[in-house]
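Only heavy atoms go into these numbers, but all of them, side chains included; no hydrogens, no water, no symmetry mates. This is a predicted model, so every value here is computed, not measured. Residue numbering restarts at 1 for every chain, and letters A, B, ... go by the order of the sequence lines.
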Amino acid sequence: MSIPSPNNQRSRAAEPKLIFESGSVGRSALFWPPEPGKVEDVIPPALLRDDIASFPELGELEVLRHFTRLSQRNFAIESQFYPLGSCTMKYNPKINEVVARFPGFAQAHPLAPAELLQGALALLYELEGMLAEISGMEHVSLQPSAGAQGELTGLMLIRACLTERGDARQKIIVPDTAHGTNPASSTLCGYDVVQISSNEQGVIDTAAVAKAMDERVAALMITNPNTLGLFETNIEAIAEIVHAKGGMVYLDGANLNALMGIAKPGHMGVDVLHLNLHKTFSTPHGGGGPGAGPIAVKRGLADFLPVPRIVKRGDQFELQESCPKSVGRVRSFFGNFGVLVRAYTYIVSLGSDGLEEASRMALLNANYVRKKLEKSYHIAYHEPCMHECIFTDRMQQRSGVSTLDIAKRLLDYGHHPPTIYFPLVVSGALMIEPTETETPETLDSFIDAMLAIAAEAKDDPDLVKNAPYSTPVRRLDEARAARKPVLRWEAPAKEGKAKN
Amino acid sequence: MSIPSPNNQRSRAAEPKLIFESGSVGRSALFWPPEPGKVEDVIPPALLRDDIASFPELGELEVLRHFTRLSQRNFAIESQFYPLGSCTMKYNPKINEVVARFPGFAQAHPLAPAELLQGALALLYELEGMLAEISGMEHVSLQPSAGAQGELTGLMLIRACLTERGDARQKIIVPDTAHGTNPASSTLCGYDVVQISSNEQGVIDTAAVAKAMDERVAALMITNPNTLGLFETNIEAIAEIVHAKGGMVYLDGANLNALMGIAKPGHMGVDVLHLNLHKTFSTPHGGGGPGAGPIAVKRGLADFLPVPRIVKRGDQFELQESCPKSVGRVRSFFGNFGVLVRAYTYIVSLGSDGLEEASRMALLNANYVRKKLEKSYHIAYHEPCMHECIFTDRMQQRSGVSTLDIAKRLLDYGHHPPTIYFPLVVSGALMIEPTETETPETLDSFIDAMLAIAAEAKDDPDLVKNAPYSTPVRRLDEARAARKPVLRWEAPAKEGKAKN
Amino acid sequence: MRYTPHTAADQERMLRTIGLDSIEALYRHVPATLCGRAKINLPEGLTELTVRKRLAALASRNATNLDWSLFLGGGIYNHFIPSAVDATISRSEFSTSYTPYQPEVSQGTLQALFEYQTLICQLTGMEVANAAVYDGASAAAEAALMSRRIQPESRRRVLMSRALHPQYRAVVAAYLQNLNDMQLEEVPFDASGATDVEALSRRLNDQSMCVLVGYPNFFGVIEDLAAIKTACIKAGAQLISVTTEPLALGLLKPPGEFAVDIAVGEGQSLGVPMSLGGPAFGFFACQKKFVRSMPGRLVGETVDIEGRRGFVLTLATREQHIRREKATSNICTSQTLCALGATVFMSLLGKSGLRRVAEVNVLRAHDALSKLRQCATVELAFNGPFFNEFVLRSADVERLFAHCAAKKIVPGISLEKDYPELRDCFLVCVTEMNEREEIERLVDTLTE
Amino acid sequence: MRYTPHTAADQERMLRTIGLDSIEALYRHVPATLCGRAKINLPEGLTELTVRKRLAALASRNATNLDWSLFLGGGIYNHFIPSAVDATISRSEFSTSYTPYQPEVSQGTLQALFEYQTLICQLTGMEVANAAVYDGASAAAEAALMSRRIQPESRRRVLMSRALHPQYRAVVAAYLQNLNDMQLEEVPFDASGATDVEALSRRLNDQSMCVLVGYPNFFGVIEDLAAIKTACIKAGAQLISVTTEPLALGLLKPPGEFAVDIAVGEGQSLGVPMSLGGPAFGFFACQKKFVRSMPGRLVGETVDIEGRRGFVLTLATREQHIRREKATSNICTSQTLCALGATVFMSLLGKSGLRRVAEVNVLRAHDALSKLRQCATVELAFNGPFFNEFVLRSADVERLFAHCAAKKIVPGISLEKDYPELRDCFLVCVTEMNEREEIERLVDTLTE
Ligand SMILES: Cc1ncc(COP(=O)(O)O)c(C=O)c1O
Ligand SMILES: Cc1ncc(COP(=O)(O)O)c(C=O)c1O
């Protein structure tokens, strides 16, 4: 029997088309009889557009099949282990999805009179309280759409508060380990960024802060645990230094998943912080959002919070729009309400005991992975880690295998890679955050894969350097994409809807 | 650069485990605090069991990930073209799924007082009327769970009716083209099966029926269009012959998708028929059910229909339980109500015009495929086909390629194969039913695949004979499965839940 | 709505290919006598929006536990279903695939069914289980028919406990009435609400084919399977246990421990919505030696040509598509997706969770009973041990139901229709879904 | 609930591996001053069942179109969403994946976003669009900031139409107030409800950076973008169009046809549930020459090493994770899943369907207006052409609203709070979801 040539054996299934390359002129999945009347009679024809050239024309099954097939080209938490460091890819409970779709939530209109939104306002009001309690702060605004907008909002509060004191100041101190959004938000808020370095232990020491801190510094932005997964042990002393010079302490709370029941930011001398509900509070990441980045503040900053504030009068909830000192609004309406509903559901589901258990198990999983891999991968910092651990490719570099190669080869083993090349202070960083919702067995299979890759890197480096092999597409030419960007589909010929 | 060995390049992802091979002792996704009290105090301990040995012990994410991954090992309508002949794998509309989950339907209890079920009873009553109108019959029972149970129920009606006339008779005439459930249902109903052959044109001629028909024959079971996709053109004359000898005509209505607006079984001399709502009426097949197989009868048989009957008094719906002549019940409660809700939704969505359009387009798609493949595959019958068309492997057999090989190779092209080796009268049958919800472009890509395979069969037969190559598993050893059946997982050691 | 994607241009192009000039020409061979009058007389199609509103209006006219207190069981039970169940079975890869005839692209469904078969074996304590049948009632009928295939022709008498679910008895009767050789007999129940084993033993003889009893039975009473099995063995009859509330098997000795020959039942309690009684599924398990007499589909383990584990439909020679009139059953399309839901449900609850929920049922039901016994208006009808259902007797059931209805309570199922001798009785069901307040409200209403 | 799978035994095994004897030892290095008082003071966890009931109770205290007639728009619109949209975005492969940093296993999200970018370009008539930002309001602010990156430092005056959505104006102001060099000015509207182009031209000068106008504007009025663009060109200012109701672009000339520099807006109308105003997404499109000044993520087409087409995040050097303080924006997590929903929605409606729904909006809104004009109690406030919203004036808005509320009708949004000068006016929105009967009921109520 002739051995069929491997090439013939490959799947012959068609590569997915773009939605614009399918369909047929005049097709639509919408069925809606024409309305009596003519648009031209009520709107000046000059204002009307022509048909949208090469807009999709498909049937319902066609559209569903297109997107179902696309979905099958994704890795995701519910199909793969997804230990992206700093992203807290924990399980997104199904009950949250059910609840967020209740018509009373999904079909509520934000501009309906408050009397008709009492359920939603009650939920928001209670959630503010819960987040304040969990973070040890006093007042909360749920408006920011994500962590970065939370940062901006928090810095705006600081600016407004300092301005009232007479001087908005010019600078924000940001550690070199900070997430990119920290410096970016500082700039957006009109501040100059002063970067300070973490020490050999990967944390900020008081000296560094003392050196950088002066009367022109509005605030220090600090992440705790920081992006190295390390607890900023000097944070209380650091906060004192900053306060002594009249500055404020902003905490990036994206890593709160390491702290619930272990330490409250409110006790660390923090004045403002943001939380990522799409991390610590289990709301699905959706391939890049939506998220929610509420901010929490100490009493002194409450007056500057965004409007509207939700206030409780008796058992009624009302909206307070006029807050003279408020920084105003950073987005429309109440923030990402649907995300807030999910976070609320998660918090009441777990309760205080469940939340504390979550953080403890997050630490356990991270330390377990760290221990099991420490002989085969170079550890960036030897201090005990919190919810994530960081390795580098130093040992694999000897055979020319890089962090990128290791990440790509992991795909062949059916695991999503860790966050790579971040934080920038660690060269070739592999940042692993397992989260608490993974079983030790899953961790073991990931660990086995990492060990196997370490072995492959020694014995057959090219195998690793050319990975992945089993993914829908293999390594993509990112340089080409950036050199002459193709950012949209263009019809081949005039109104040339591809008719296959 | 050394070329990595193909074997290493394969996906290294773990093969899926069985749910029993995962988990950890004491794990559960259920969170439910213990209830006050002790079971032993209210139920004699002697009646209680021990823990269920090696029953699953997993967490919520673990379970979800297990089944999500399993799902990714299926082909299905929403990801692939699925032209299974005689199965009518049309699109299953999403709105039907939404509606069937309305709490008023999904949480209705069948033994609640009728006054509390008026919405459900109204729906069932209306659906009976719609199906009667569509099939041209007079009375309908929605109780049968699927087509086969509909057949049994229909034959029971015939038996009951004939018995009342004085003689239940002994035989049922069944064409050789009939689906296996027809003879099986006949036996189950206590009848002997007399098989008659279809003629060279693939249909039953009057002579064959006349020859087989006598006073000992209770009924003729006929499928129209038959399983060859051909319209039984003599059906009216055949019905007369059967009736003349005091027999009845049972129509297997599984292929009604070919007839809506084109011909009504009620006009063909049919006394009883069943319909497959999970075919013609778009309810999802669920990997093997649930379906619904309502039966429709002429007035003379109404008294024999299963109980309860739904009757309308004024604007109230009531259940009539005592129908002295009724054959009784073939299953509990009201049948597969959730399926009936979907079928009702489908019918009111399409309306008469939409249903008629559906059948017309089903014919168009089948005839289009037939035309495009007739040169490359041997056509079983040259008569014009209705909603499906049948080819054989005669041309490919020359190079030793069989229908099975063709079906398996189609998998590599990303299409689900047609029904194969059925009906039995056609050797090596490939029975293609595209259904009306597929676009001509999809048909073309299927046709291209079939043509490519025909070419491969000539040029590289082994390539086809060893297919598939790109599926999660390759050809499976069915003989071994049947020889020493392994029908359940067994714990390796005592209570040995595999701990990976 | 329209789910046909064909534009006018598409149709023309396709007709041209076929060589016809109209759609009508496609069915030119259908007799004009039929075509002529085939028009369907129904309203025109509706928009998805209108359809949704119309169905929502119908749904709103059914009472549910959301607005009523329903103490209804009788074969369909209101149990908690984790959201993860529907999330799984809504995946189109599961819901829109056909019966797994092409195993290479159906491993998802096949492996899940193999797991299902194993779970049913574990739950019932039996050796083999099939991939489900329509429902519990038809499962009981199929079990009797299977016994007929196993037992000699001299044994054709079927004994059925009167304490078995009335609808199940009706279905068994309907299936058997077509077979001239079969005789059906009813066995009474005793004061405990259980099958009268004395009476059963007296009726058993060398013509007895099989005995069908509920476990628990229709009155919620836990039958003494040990005693019944002993009687069956003496007479050489097979014992078929029929379970309408499988959650009970999370706590009670499984039928397998009593060496029943066939154990069947209704699976709805295992994670399937009540949905007016369907779709759910019937589970069907038996002793291994009878496997080739079983009805329905079976999934078996095997390997592919590269040695990978895989699963296939097997022993198909029992089935209609191969054996036709000689098949063990006519069943084809079954209830796979519901069985899949149950597989997810059982996997989620797991060993401890299933037992926990079963315990909550027992404790709440008994707690409710002890409170209800305080009410002068009602008394307990039977004294047998029960799981989550029990029968109450009351002077005027109708008045009592009407009084409860005014309070949006349905206290149970009146037995008058199915058991004239229990005209003054009703069947009360209490599950983990009935909150304690709900039970108090019932008690208060009955004491008023 | 608990989503942590660890059993006691699991924990022990893992601790042993790590070499510690307690979980607490894992954070021994956290100062005792913090650990000591970290306990969270909230209630204990609940069962899924209890959680579901509690949330259902909250949800039931919000009025929706199911039980009320709401004529509410003002930036969030009640539009029909085909069931297929939620079915798609609920697929866990889409909903539980992260931002596509590993393109080889994120082609699903990446290709969908590439399609989204193309659809937004087609809808707005612009050359490039990013992969969405938070919402329409922050999109407007980001657009102004982008203009700041493009325009010379001598141009720092932003002109904003008073007819632009009040919350959007607030957000733009909030974003700009942090930048010392920026000045913000408001342009009045005229009797037609459109931006006063005269006044605009007068205010435009060589310091003008950009002009922001709604299209349609907050009053539903269709601005004369041609005239406004002419004025902008004369002064060298950039024009930014802000669309809160993108469905209008299914029918109206797209901003691109008027050569606006940046076209942004709120995407909620395109298949995203209202959900109290979020999450939805902000769309952001501009002329190609400005692409490197854009904020947010961009997906680009490329090929893999075997030549297959694939998609990647590109031009990342604009972004915070690479450029940090020099990034074009701080945005990281955005609103991808909502943009995906819009992609499915636009694909389903398609060319003809989108136009059809837009037409239904126009016709019903104008039909409603013509009926309302019969009512003595109200009169039309502006005479500019509008899409599906219009402003009515009434002697006593409060009384009128109270009267409607009694009938479970909310006739619109009172403008008193945001426009003191329109104290006696309210904004009425009519979409394809408002049935004709609903409109009659409104008219009857207002005429009473
Ligand atoms: C430490 C840290 N800070 C801030 C952010 C930004 O949060 P978001 O992506 O929600 O804007 C992230 C998210 O990646 C983060 O990991
Ligand atoms: C022609 C025909 N008759 C009867 C049946 C049996 O229907 P069901 O599978 O619903 O029992 C089928 C289904 O495959 C069929 O194709």
Side-chain angles (χ1 to χ4, degrees), chain B residues 28-30 35 37 42 55-56 67 70-71 73-78 99 102 104 106-110 116 118-119 145-146 148 180 183-185 187 189-190 193 263 284 286-291 328-329 332-333 336-338 349 351-352 354 361 363 368 439 471 473-474 476 481 486 488-489, chain C residues 1 4-5 14 26 34 40 42 44-45 55 58-59 61-64 72 88 91-93 95-97 99 104-105 107-109 118 134 137 167 170 174 178 253 273 275-279 300-302 304 310 314 320-321 324-325 327 330 333-337 347-348 350-351 353 360 363 366:
Chain B
S28 167
L30 183 83
E35 189 84 354
V42 294
F55 211 61
F67 288 104
L70 283 189
S71 75
R73 294 160 72 85
N74 270 7
F75 271 19
I77 298 178
E78 263 171 50
V99 161
F102 285 158
Q107 293 180 41
H109 193 288
L116 300 187
Q118 287 298 301
S145 309
S185 300
T187 308
C189 198
V193 172
R329 276 189 168 279
S332 55
F333 309 115
N336 282 336
F337 177 70
S349 295
S352 54
M361 293 305 111
L363 266 58
Y368 180 77
T439 65
T471 46
V473 293
R474 295 187 56 195
L476 291 149
V486 178
R488 61 170 289 186
W489 176 83
Chain C
M1 288 299 295
T4 40
M14 296 171 78
L26 289 167
L34 300 174
I40 297 170
L42 288 176
E44 297 239 306
L55 273 292
L58 281 170
R61 289 169 49 212
N62 302 322
T64 70
L72 297 170
T88 304
R91 287 187 58 84
S92 56
E93 293 91 332
S95 62
T96 75
S97 56
T99 303
E104 298 84 354
V105 291
Q107 285 301 301
T109 297
T118 307
Y134 300 133
Q167 293 194 9
N178 312 316
K253 281 214 166 78
S275 188
L276 205 73
E301 180 180 324
T302 185
D304 77 355
T314 192
Q320 47 74 26
H321 62 284
R324 302 179 71 83
E325 63 271 20
N330 67 334
T333 294
S334 179
Q335 311 277 131
T336 303
L337 197 67
S347 303
L348 286 164
K351 185 185 285 187
V360 175
L363 293 166
H366 286 76

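- In terms of heavy-atom pairs under 4.5 angstrom with chain C, the leader among G37(B), A29(B), A481(B), S349(B) is S349(B).
- Scored by the salt bridge (charged side-chain N to carboxylate O under 4.0 Å, His left out) test, R488(B) finds E490(B) as partners (sequence neighbours excluded).
- For the set P5(C), G353(C), G350(C), the entry with the most heavy-atom pairs within less than 4.5 Å of chain B is P5(C).
- Here the side chain of T471(B) pairs a donor or acceptor atom with the backbone of V473(B) at under 3.5 angstrom.
- Heavy-atom pairs under 4.5 Å with chain C peak, among C189(B), G190(B), A146(B), at C189(B).
- Contact count versus chain B (heavy atoms, under 4.5 Å) is highest, among K253(C), Q107(C), E104(C), R61(C), for E104(C).
- Side chain of T96(C) to backbone of A76(B): no donor-acceptor contact under 3.5 angstrom is found.
- Listed by chain and residue number, nothing satisfies the salt bridge (charged side-chain N to carboxylate O under 4.0 Å, His left out) test with E301(C) (two or more places apart in sequence, or in another chain).
- Between L276(C) and F333(B), the closest heavy-atom pair is O-CB, 3.9 Å.
- Contact count versus chain C (heavy atoms, under 4.5 Å) is highest, among V42(B), N74(B), L363(B), for N74(B).
- Most heavy-atom pairs under 4.5 Å with chain C: of the set S28(B), A263(B), S71(B), this distinction falls to S71(B).
- For V193(B), the part lying under 4.5 angstrom from a heavy atom of chain C is the side chain only.
- Only the side chain of V99(B) comes within less than 4.5 Å of a heavy atom in chain C; its backbone stays farther off.
- When the candidates T302(C), T64(C), V105(C) are compared by the number of heavy-atom contacts under 4.5 Å with chain B, V105(C) comes out ahead.
- Residue F102(B) touches chain C through its side chain alone, counting heavy-atom pairs closer than 4.5 Å.
- Proximity of F67(B) to S347(C): side-chain heavy atoms (C-beta onward) are separated by under 4.5 Å at one or more points.
- For G338(B) against S275(C), the heavy-atom pair with the smallest separation is N-OG, 3.5 Å.
- The greatest number of non-hydrogen atom pairs below 4.5 Å with chain C, out of G354(B), G291(B), G328(B), is found for G354(B).
- Put simply, the side chain of D304(C) never gets that close to the backbone of G310(C): no donor and acceptor are under 3.5 Å apart.
- Among E93(C), Q167(C), M1(C), the residue making the largest number of heavy-atom pairs under 4.5 Å with chain B is Q167(C).
- Under the 3.5 Å distance criterion, the side-chain polar atoms of T118(C) are matched with a main-chain donor or acceptor of W489(B).
- Across T4(C), N330(C), L337(C), L58(C), the residue that shares the most heavy-atom pairs under 4.5 angstrom with chain B is N330(C).
- Of the listed residues (S92(C), A137(C), A327(C), A170(C)), the greatest number of heavy-atom pairs within a distance under 4.5 Å of chain B belongs to S92(C).
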